[in-house]
S.K.: 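One structure follows; several queries about it will come next.
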Amino acid sequence: MTLGEKIFRLRTEQGLSQETFGEKLGVSRQSVSKWETDQSIPELDKIVTISDLFGVSTDYLLKDIEETDRTAETESAWAETFPRETYRSGRRPRFEYKSQKMIGSLPLVHISTRRAKGVIAVGAIAQGWLSVGFVAMGGFSLGLVSLGLIAFANLAFGLIAFGTVAVGVISFGAFSFGIFSLGAVVYGQFAFGASAHGAQVAVGDAASGKIALGYSRAVGDYTQISNDQPFDYENACRLIDQHVSSNWMFFKTWAKAMVKWF
């Protein structure tokens, strides 16, 4: 086992983040990361400090030996060294796994019962290109509250958002807000749902918008009420072509497809 691997194991056994560990040694998180990935080695005084903090010998750190004798006295020293919120003697430390593989400044995988940050992040608060957590932020995020390019959550914010409450350029949810929105109660430029409010096109049971197509109620400049019969698809497409700006590009095409689907 290399020096870096030993430092990584000792740190994670005690539930310390790289930031907290670095603060105890007076170094940056980046320095700790380089130690653990064997890109650099600590200075001699830091090695002595690490041995004192973890209750191991410098021989264990520097030589290819294993040391498994951890006494109650060592645990007591740990409890005095670190704040109670970080380490609590007699209690299971919080779980954290951080892969040795780095992509840029981020670990490939970071899993934590608290905050996780990595290319793939799983934690109570997760931030990464792929993130899963109670609060998730990233490219593809899944959680109770999510913020991402593609977000799935009870409360979702994203370029594409799916959730009980969804806010995005394209949004799908019970309550949906976006340029192109689909759900029960929806607001947007193009809105499709039970209660649809679309500045350009609205289609639903009750619809309001410039072009409004409703089964029971429609309010707008150009309206159709179907009374449970199919909408006049050809006429609706003609209205969309005539009265919706070409600046909306593919949204116009999508809207016509949604009219046919509804």
S.K.: Which value, rounded to the nearest 0.5 Å, describes the distance between Thr20 atom OG1 and Arg29 atom CZ?
M.R.: 12.0 Å
S.K.: Start with the C-alpha distance between His110 and Glu96, add both sets of side-chain angles, then the distance that settles side chain to side chain contact (heavy atoms under 4.5 Å, CB included), and finish with yes or no.
M.R.: CA-CA 8 Å; His110 188 187; Glu96 182 176 31; 2.7 Å; yes
S.K.: Please check if any side-chain donor atom of His243 sits under 3.5 Å from a side-chain acceptor atom of Gln200, or the reverse.
M.R.: no
S.K.: Working note: Leu239 + Asn235, criterion side chain to side chain contact (heavy atoms under 4.5 Å, CB included); need CA distance, chi angles, decisive distance, verdict.
M.R.: CA-CA 6 Å; Leu239 289 172; Asn235 185 50; 4.0 Å; yes
S.K.: Give me the atom names and distance for the closest heavy-atom approach of Ala156 to Ala151.
M.R.: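 Heavy atoms only, the tightest pair is CB-O, 3.9 Å.
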S.K.: Answer yes or no: is there a donor N or O on one side and an acceptor on the other, between the side chain of Lys98 and the main chain of Pro107, under 3.5 Å?
M.R.: no
S.K.: Can the ring centres of Phe250 and Phe180 be said to be less than 6.0 Å apart?
M.R.: no
S.K.: Looking at every heavy atom in both Val167 and Ala161, which two are closest together, and how far apart are they?
M.R.: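 Scanning both residues, the minimum pair turns out to be O-CB, 3.5 Å.
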S.K.: List the atom of Ala126, the atom of Val132, and the distance in Å for their closest heavy-atom pair.
M.R.: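 In this case the closest contact between Ala126 and Val132 is CB-O, 3.4 Å.
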S.K.: At what distance, to the nearest 0.5 angstrom, does OG1 of Thr223 lie from CZ of Arg217?
M.R.: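 The distance works out to 11.5 Å.
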S.K.: Roughly how far apart are Gln224 CD and Asp232 CG, rounded to 0.5 Å?
M.R.: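 Here the interatomic distance stands at 5.0 Å.
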S.K.: OG of Ser51 to CG of Leu61: how many Å apart, nearest 0.5 Å?
M.R.: 6.0 Å
S.K.: In terms of hydrophobic clustering (I, L, V, M, F, W, Y; side-chain heavy atoms under 4.5 Å; direct or indirect links), are Leu3 and Phe21 co-clustered?
M.R.: yes
S.K.: Has Lys210 got more than 12 heavy atoms of other residues, nucleotides or ligands less than 6.0 Å from its NZ?
M.R.: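 Yes - once you tally the heavy atoms of other residues, nucleotides and ligands closer than 6.0 Å, there are more than 12.
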S.K.: Honestly curious: do Met258 and Ile225 fall in one hydrophobic cluster under the side-chain, below-4.5 Å linking rule?
M.R.: no
S.K.: Are Leu159 and Val165 connected in a single hydrophobic cluster, I mean Ile/Leu/Val/Met/Phe/Trp/Tyr linked by side-chain heavy atoms less than 4.5 Å apart?
M.R.: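 No.
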S.K.: Ignoring hydrogens and angles, tell me if any N or O in the side chain of Lys260 forms a donor-acceptor pair with the backbone of Tyr233 under 3.5 Å.
M.R.: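 A pair under 3.5 Å: no.
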S.K.: Step by step, would you call Val201 with Trp254 a side chain to side chain contact (heavy atoms under 4.5 Å, CB included)?
M.R.: CA-CA 11 Å; Val201 179; Trp254 292 359; over 6 Å; no
S.K.: Holding to salt bridge (Lys or Arg N to Asp or Glu O under 4.0 Å), I want the full list of residues that pass it with Asp241, two or more places apart in sequence or in another chain.
M.R.: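 With neighbours one apart ignored, the set is Lys256.
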S.K.: Quick check: closest heavy atoms across Val48 and Thr58, and the distance to 0.1 Å?
M.R.: CA-CG2, 4.3 Å
S.K.: State whether the number of non-hydrogen atoms from other residues, nucleotides or ligands found under 6.0 Å of Glu43 atom CD is greater than 12.
M.R.: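 No, because the 6.0 Å sphere around CD of Glu43 holds 12 heavy atoms or fewer from other groups.
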S.K.: Show the nearest heavy-atom pair for residues Ala207 and Gly204, with the distance to one decimal.
M.R.: CB-N, 4.0 Å
S.K.: Under the ring pair (Phe, Tyr, Trp, His ring centres under 6.0 Å) rule, what do Phe190 and Trp248 come out as? Steps first, then yes or no, please.
M.R.: CA-CA 10 Å; Phe190 302 85; Trp248 291 110; 5.6 Å; yes
S.K.: When you measure from the centre of the six-membered ring of Tyr60, is the NZ or CZ of Lys6 under 6.0 Å away and within 45° of the axis?
M.R.: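 Yes, cation above the ring, under 6.0 Å and within 45°.
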S.K.: Of all heavy-atom pairs between Ala191 and Ala196, which one has the smallest distance, and what is that distance?
M.R.: O-CB, 3.6 Å
S.K.: Distance-only, no hydrogens or angles: does the Arg11 side chain make a donor-acceptor pair with backbone N or O of Leu16 under 3.5 Å?
M.R.: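 A pair under 3.5 Å: yes.
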S.K.: With a 4.5 Å cut-off on side-chain heavy-atom distances among I, L, V, M, F, W and Y, is there a chain of contacts connecting Met137 to Val122?
M.R.: no
S.K.: For Lys117, look at atom NZ and say whether over 12 heavy atoms of other residues, nucleotides or ligands are found less than 6.0 Å away.
M.R.: no
S.K.: Mark yes when over 12 heavy atoms from residues, nucleotides or ligands other than Ile41 sit less than 6.0 Å from its CD1; otherwise mark no.
M.R.: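 Count not over threshold, so no.
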S.K.: Take atom CD in Glu234; do more than 12 heavy atoms of anything else shown fall under 6.0 Å from it?
M.R.: no
S.K.: With a 3.5 Å distance limit and no angle check, can you tell me whether Thr49 reaches the backbone of Asp45 through a side-chain donor-acceptor pair?
M.R.: yes
S.K.: Enter the distance from Ile103:CD1 to Leu108:CG here, rounded to the nearest 0.5 Å.
M.R.: 5.0 Å
S.K.: Is there a path of hydrophobic side-chain contacts, each under 4.5 Å between heavy atoms, that joins Val32 and Ile50?
M.R.: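 Yes, it is one cluster - the side chains of Val32 and Ile50 are joined through contacts under 4.5 Å.
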S.K.: Measure the shortest side-chain to side-chain distance between Ser40 and Trp35 over non-hydrogen atoms and say whether it is less than 4.5 angstrom.
M.R.: yes
S.K.: I'd like to know if the side chain of Ser181 reaches the main chain of Gly178, judged simply by a donor and an acceptor atom lying under 3.5 Å from each other, with no hydrogens or angles considered.
M.R.: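 Answer holds: yes.
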S.K.: Are Ser131 and Ser141 close enough that a side-chain donor and a side-chain acceptor fall under 3.5 Å?
M.R.: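 No, no side-chain donor-acceptor pair sits under 3.5 Å.
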S.K.: Decide, yes or no, whether a salt bridge links Glu13 with Arg9 under the criterion of side-chain N to carboxylate O below 4.0 Å.
M.R.: yes
S.K.: Using a 4.5 Å cut-off on heavy atoms from C-beta on, say whether the side chain of Leu25 contacts that of Pro42.
M.R.: no
S.K.: Heavy atoms, side chains only, cut-off 4.5 Å: are Phe8 and Thr37 in contact?
M.R.: no
S.K.: Any ring pair (Phe, Tyr, Trp, His ring centres under 6.0 Å) pairs touching residues 114-146, not counting sequence neighbours?
M.R.: Phe140-Phe152
S.K.: I want to check something: taking the side chain as every heavy atom from C-beta on, are Val186 and Ser171 in contact at a cut-off of under 4.5 Å?
M.R.: no
S.K.: Going through the distances and angles, do Ile111 and Phe95 end up as a side chain to side chain contact (heavy atoms under 4.5 Å, CB included)?
M.R.: CA-CA 8 Å; Ile111 302 172; Phe95 174 79; 3.7 Å; yes
S.K.: Please check if the distance between the ring centroids of Tyr215 and Phe231 is under 6.0 Å.
M.R.: yes
S.K.: First locate atom NE2 of His197, then atom OG of Ser176, and finally report the distance between them rounded to the nearest 0.5 Å.
M.R.: 12.0 Å
